[in-house]
Amino acid sequence: MKKKTTKMLILSVILIFILSLTGCGKEEELNFEFNEDAMQQYTQELVTKYSNTSEVEQDYFLNEGSDLEKTAVAGFLAADSTDHVGNFIDFAQGSDSVTFSNGADGKVVCSQICNYSGRDVKVAISYRPNKAFELDKEKLYENLVKQASQYGMDVTSYVTQVYGSYPELDMSSMDKFLDSYLAAGNDERPFEAVECEVSAVYTKKELITMAGKNTAIGMGVVFTVLIFISFIISLLKFLPMIFDADIRRARAEKKAAQEAAQKQTEDMIIGNRSDEKKESSPAAPKAEPAAFAKPAAKAEENLMNDEELVAVITAAIYAASGSVRGPAYTASNDKLIVRSIRRAR
């Protein structure tokens with residue numbers, strides 16, 4: 001059983017490896033068909049056109065131009081002013097100098113690496129199919145057939161004889177001739193440029209360094225603002241004292257009343273203790289005989305000598321007058337709450 005499980009595991013790993021190699025080897029299918037050499041050549045023409053413009057051209061393109069003209073001119077200006085790429089030298093050569101990929105909304109992006117004196121620049125131009133191109137191409141071919149018939153010639157011989165001396169026209173086939181004729185004569189191609197993106201090429205080390213600096217600056221700004229906000233919030237408690245004199249006066253009066261009530265209560269307690277000491281002294285008069293004493297039911301109680309009642313009254317006064325500093329005589333710790341005070345008979 002163990003050997004069978006091991007074999008199944010090995011086969012699964014091999015199958016996954018084969019599928020991964022198959023997926024890596026499959027090229028991306030582009031959104032529409034086109035001639036890569038023609039698109040690359042047209043991209044280079046656009047780079048040459050918009051990378052070196054005068055101030056008058058820049059003002060027109062940025063304000064009145066199409067989306068392609070606005071994005072191209074703005075991108076090259078930003079690369080020069082922000083990234084300091086320098087002057088244009090030439091287009092990069094090699095297999096990695098130009099790439100084709102799919103863009104948004106069915107577009108195809110042609111990315112061309114350009115060599116500048118400061119650092120390389122990547123220019124990515126988005127293209128979409130030109131739906132009018134095939135119609136114009138068909139009309140051009142019909143016109144060439146009519147012109148050739150007037151001279152009693154076939155269209156191929158007529159085109160070779162009339163246009164064969166123009167180096168910008170591709171005479172290798174009728175289809176390529178029509179494409180090159182529309183491109184050279186009408187500036188029309190099977191695809192049309194929509195927008196342009198210009199970005200300086202940085203190494204991974206430079207990108208990591210820039211990311212670290214931006215992170216440090218961002219976090220520093222955030223913590224500085226938070227500290228400043230905390231400081232402002234801590235000062236809010238002083239606003240009523242600064243701008244409202246009535247509140248300050250009311251607080252002062254309340255504090256003075258609490259201190260006066262506390263002092264009065266403490267003096268009363270101290271006076272009661274003094275009276276108790278006097279009554280318990282030897283000079284006190286002798287008690288009357290029981291026969292001459294008044295009835296117990298009618299005897300008046302001396303509430304000033306009841307220490308528990310004094311403590312309860314003191315606690316009630318403190319509770320009514322607010323929190324004050326530690327009293328001289330407090331109630332017990334039995335968590336009792338005094339709701340009312342009345343004389344007991």
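The figures that follow rest on heavy atoms only: side chains count, while hydrogens, waters and symmetry mates do not.
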Does [X] reach the side chain of [Y], with side-chain heavy atoms less than 4.5 Å apart?
| X | Y | answer |
| --- | --- | --- |
| R119 | Y202 | yes |
| T224 | F228 | no |
| M174 | T156 | yes |
| L144 | L178 | yes |
| V108 | F191 | no |
| Y127 | C110 | yes |
| K205 | I208 | no |
| D179 | N35 | no |

Search all heavy atoms of [X] against all heavy atoms of [Y] and return the closest pair with its distance.
| X | Y | result |
| --- | --- | --- |
| A72 | V198 | O-CG2, 4.3 Å |
| V73 | Q58 | CG1-CG, 4.0 Å |
| F32 | K107 | CE2-C, 4.4 Å |
| A184 | L169 | CB-CD2, 4.4 Å |
| V47 | C114 | CG1-SG, 4.0 Å |
| A92 | Q112 | O-NE2, 3.7 Å |

Output yes when a side-chain donor or acceptor of [X] lies under 3.5 Å from a complementary backbone atom of [Y], and no otherwise.
| X | Y | value |
| --- | --- | --- |
| T71 | L68 | yes |
| D59 | E55 | no |
| N102 | N31 | yes |
| E69 | S66 | yes |
| R128 | G106 | no |
| D67 | E195 | no |
| D90 | N115 | no |

Does [atom1] belonging to [X] count more than 12 external heavy atoms closer than 6.0 Å?
| X | atom1 | value |
| --- | --- | --- |
| N63 | CG | yes |
| Y116 | OH | yes |
| N143 | CG | yes |

In one Ile/Leu/Val/Met/Phe/Trp/Tyr side-chain cluster, 4.5 Å: [X], [Y]:
| X | Y | result |
| --- | --- | --- |
| M210 | V121 | no |
| L182 | V155 | yes |
| Y141 | L135 | no |
| M153 | L140 | yes |
| I233 | V225 | yes |

Completion exercise
Paired with F76, the side-chain contact (heavy atoms from CB on, under 4.5 Å) test is passed by just one of V123, V85, N52, namely V123
When rounded to the nearest 0.5 angstrom, what distance separates [atom1] in [X] from [atom2] in [Y]?
| X | Y | atom1 | atom2 | value |
| --- | --- | --- | --- | --- |
| L226 | F223 | CG | CZ | 7.0 Å |
| S111 | I125 | OG | CD1 | 9.5 Å |
| D120 | I113 | CG | CD1 | 7.0 Å |
| K137 | E188 | NZ | CD | 11.0 Å |
| K146 | Q150 | NZ | CD | 9.5 Å |
| Y42 | D187 | OH | CG | 5.0 Å |

Problem - Intermediate values then yes/no, side chain to side chain contact (heavy atoms under 4.5 Å, CB included), Q258 and K254 - result: CA-CA 6 Å; Q258 291 176 352; K254 182 178 180 180; 3.4 Å; yes
Practice task
Ignoring hydrogens and angles, state whether a donor on the side chain of D170 or S172 is under 3.5 Å from an acceptor on the partner side chain.
Solution key: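 Yes.
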Problem - Geometric class of the Y163/Y158 ring pair [parallel <30°, tilted 30-60°, perpendicular >60°] - result: perpendicular
Exercise for the section: Specify whether F91 and F88 have parallel, tilted or perpendicular ring planes, treating 30° as the upper limit for parallel and 60° as the lower limit for perpendicular. Expected result: perpendicular
Handout entry: Proximity of Y50 and F61 rings by center, below 6.0 Å
Key =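 Yes, the ring of Y50 comes within the 6.0 Å limit of the ring of F61, centre to centre.
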